[in-house]
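These notes concern the structure reproduced below.
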Protein chains: 2
Amino acid sequence: MSKKIQKRDAEASKALIITHAKSLFSEKGYASASMDELAKRCGLNKAMVFYYFKNKKGLYEAVMREVLVEIQEAITEENKTHSKPIEELEGFIRTYARYACEHPYLPALLLKELSDSGAVFPEMLFTSMRQLFALFSDILKRGEEKGCFDNAIPMILYFMVIGTLNLMVTTKPLRLEAAKLEDIDLDTCAGCDIDEIADYIIIKIKQMLKEPK
Amino acid sequence: MSKKIQKRDAEASKALIITHAKSLFSEKGYASASMDELAKRCGLNKAMVFYYFKNKKGLYEAVMREVLVEIQEAITEENKTHSKPIEELEGFIRTYARYACEHPYLPALLLKELSDSGAVFPEMLFTSMRQLFALFSDILKRGEEKGCFDNAIPMILYFMVIGTLNLMVTTKPLRLEAAKLEDIDLDTCAGCDIDEIADYIIIKIKQMLKEPK
DNA sequence: TATAATTAACTAACCAGTTAATTGATAGGA
DNA sequence: TCCTATCAATTAACTGGTTAGTTAATTATA
């Protein structure tokens, strides 16, 4: 069943649209992303977008679904390789960090959605985010039961982790620019790579969860 | 010099536009905010917007400037009442939290800007954010010199604080909705007020900055 | 030959920004 | 106190460009 190269390939066209839509939406945001430009980037006729995805919202929905499923699967998969809560937590943070850095459309799209309270597309951001948060929350809960974590409020800690990582990824160009100015002595971590950042967050989160003795 | 009520009042019209623009931009984002709708909300003619602010970008600039100056002044003012770094840090977090909660357009606008790397209006977001960050950074630096803080990377800690607070504010409606569902046992802190959240963050940040002995 | 994929050309709505005309406040002179 | 010239504030109506979405015809494939 190997696919031969053909002029017409529904799957290929669909995938092409999603790929370019991911970057377009994350660059411009939902409202400013033009379907004309998307078609041009894909090298397809604009009508194809509506043929496959009904309308702009439908395309955005498909994009968000793919993005969220991807990150969720990556993290869930990685999580299986650990048994101790501390290792699970470390894995969660490191995997999210790497994934966000390699797929920078994710933090951009997520922050845009979260700053809108899901104005464009509530329901599914909702379910997917809830599932990811549930995984994080469970790790902390198990850790508390085993006595290795103390005084954890999962919701706040969750936003601490993904909020910080998302911002560190999306503001990278901004921080690089700020580093060039030398009027005030300010370290914007412009040179830091994502693993260093993840390591630092891990250390600090661990410190936060240490039981006071 | 008391202003009498008159049919024509430039200052009042200008202020009216800014006020409604703040909420419109934070609700819809820059691209989706329509100047027609803004004029309707203000009860003014659309041409007034362009008469006072030249163009949409000019209005957005004015809005962002006001918002950022407001928060910066609030924090700088509060900061003067403290002398010890730990108290300064506490004050910074608590003031930002309260201000963000009382003016929810701030977190919405900030997250939108930061997720774009300042695509709409870079220069001044830049300077203002840098000044606010400089204040935060200085507090940590002084704390480290006095030996009360350890292993602080200001940029990451800054995003940890404002990232978490911004997200907790903007996602409040989302978290309230999530709390109604009971399929999985998940605490979304729907009932938490901003002071409790700020207190928790303060405790955790303090723990993170404790010198290891 | 039937059907799925693709296209060019179109529409109707919207939107930022302009313009020229009009209205209201006000200060100065008679 | 009234008249009026001036200028600032306000308006309705318009423009040109863009956008999401449609349609009917065309081409490739099995």
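All figures in this text were calculated on a predicted structure; none of them were measured in a lab. In what follows, chains are A, B, ... by sequence order, proteins preceding strands, each numbered from 1.
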In whole angstrom, give the distance that lies between atom [atom1] of [X] and atom [atom2] of [N].
{"X": "L16(B)", "N": "dT10(D)", "atom1": "CG", "atom2": "P", "value": "10 Å"}
{"X": "Y52(B)", "N": "dT18(C)", "atom1": "OH", "atom2": "C1'", "value": "17 Å"}
{"X": "Y30(A)", "N": "dT19(D)", "atom1": "OH", "atom2": "C1'", "value": "12 Å"}
{"X": "L59(B)", "N": "dC15(C)", "atom1": "CG", "atom2": "P", "value": "15 Å"}
{"X": "I17(B)", "N": "dA9(D)", "atom1": "CD1", "atom2": "P", "value": "12 Å"}
{"X": "K40(B)", "N": "dA12(D)", "atom1": "NZ", "atom2": "C1'", "value": "15 Å"}
{"X": "D9(A)", "N": "dT29(D)", "atom1": "CG", "atom2": "C1'", "value": "12 Å"}
{"X": "K54(A)", "N": "dT22(D)", "atom1": "NZ", "atom2": "C1'", "value": "14 Å"}

Pair R94(A) + D199(A), salt bridge at N-O below 4.0 Å
yes
Determine the contact category for [X]: base if any of its heavy atoms lies under 4.0 Å from a base atom, sugar-phosphate if only primed atoms, P, OP1 or OP2 are that close, otherwise nothing.
{"X": "A12(B)", "value": "nothing"}
{"X": "A10(A)", "value": "sugar-phosphate"}
{"X": "F53(A)", "value": "nothing"}

If we ignore hydrogens and angles and just use 3.5 Å, is the side chain of T170(B) paired with the main-chain N or O of L114(A) as donor and acceptor?
yes
Return yes if some donor-acceptor pair links the side-chain N/O of N166(A) with the main-chain N/O of I162(A) below 3.5 Å, else return no.
yes
On DNA chain D, check which nucleotide each of K46(B) and S13(B) is closest to and give me the residue with the more 5' one.
S13(B)
Closest nucleotide of DNA chain D for N45(A) versus for S32(A): which of these residues is on the 5' side?
S32(A)
Selected nucleotide, minimal atom distance to [X] side chain, candidates [options]:
{"X": "R8(B)", "options": "dT22(D), dG21(D), dA8(D)", "answer": "dA8(D)"}
{"X": "A47(B)", "options": "dA4(C), dA8(D), dA12(D)", "answer": "dA12(D)"}
{"X": "D36(A)", "options": "dT19(D), dC15(C), dG24(C)", "answer": "dT19(D)"}
{"X": "F50(A)", "options": "dG21(D), dG17(C), dA8(D)", "answer": "dG21(D)"}
{"X": "S34(B)", "options": "dG17(C), dC15(C), dT19(D)", "answer": "dC15(C)"}
{"X": "M48(B)", "options": "dA9(D), dG17(C), dA12(D)", "answer": "dA9(D)"}

When you compare the side chains of Y60(A) and N55(A), does any donor N or O come within less than 3.5 Å of an acceptor on the partner?
no
Check the orientation of Y30(B) and F25(B). Use parallel for under 30°, tilted for 30 to 60°, and perpendicular for over 60°.
parallel
Between Y51(B) and dA9(D), is there a contact of a side-chain N or O with OP1 or OP2 at under 4.0 Å?
yes
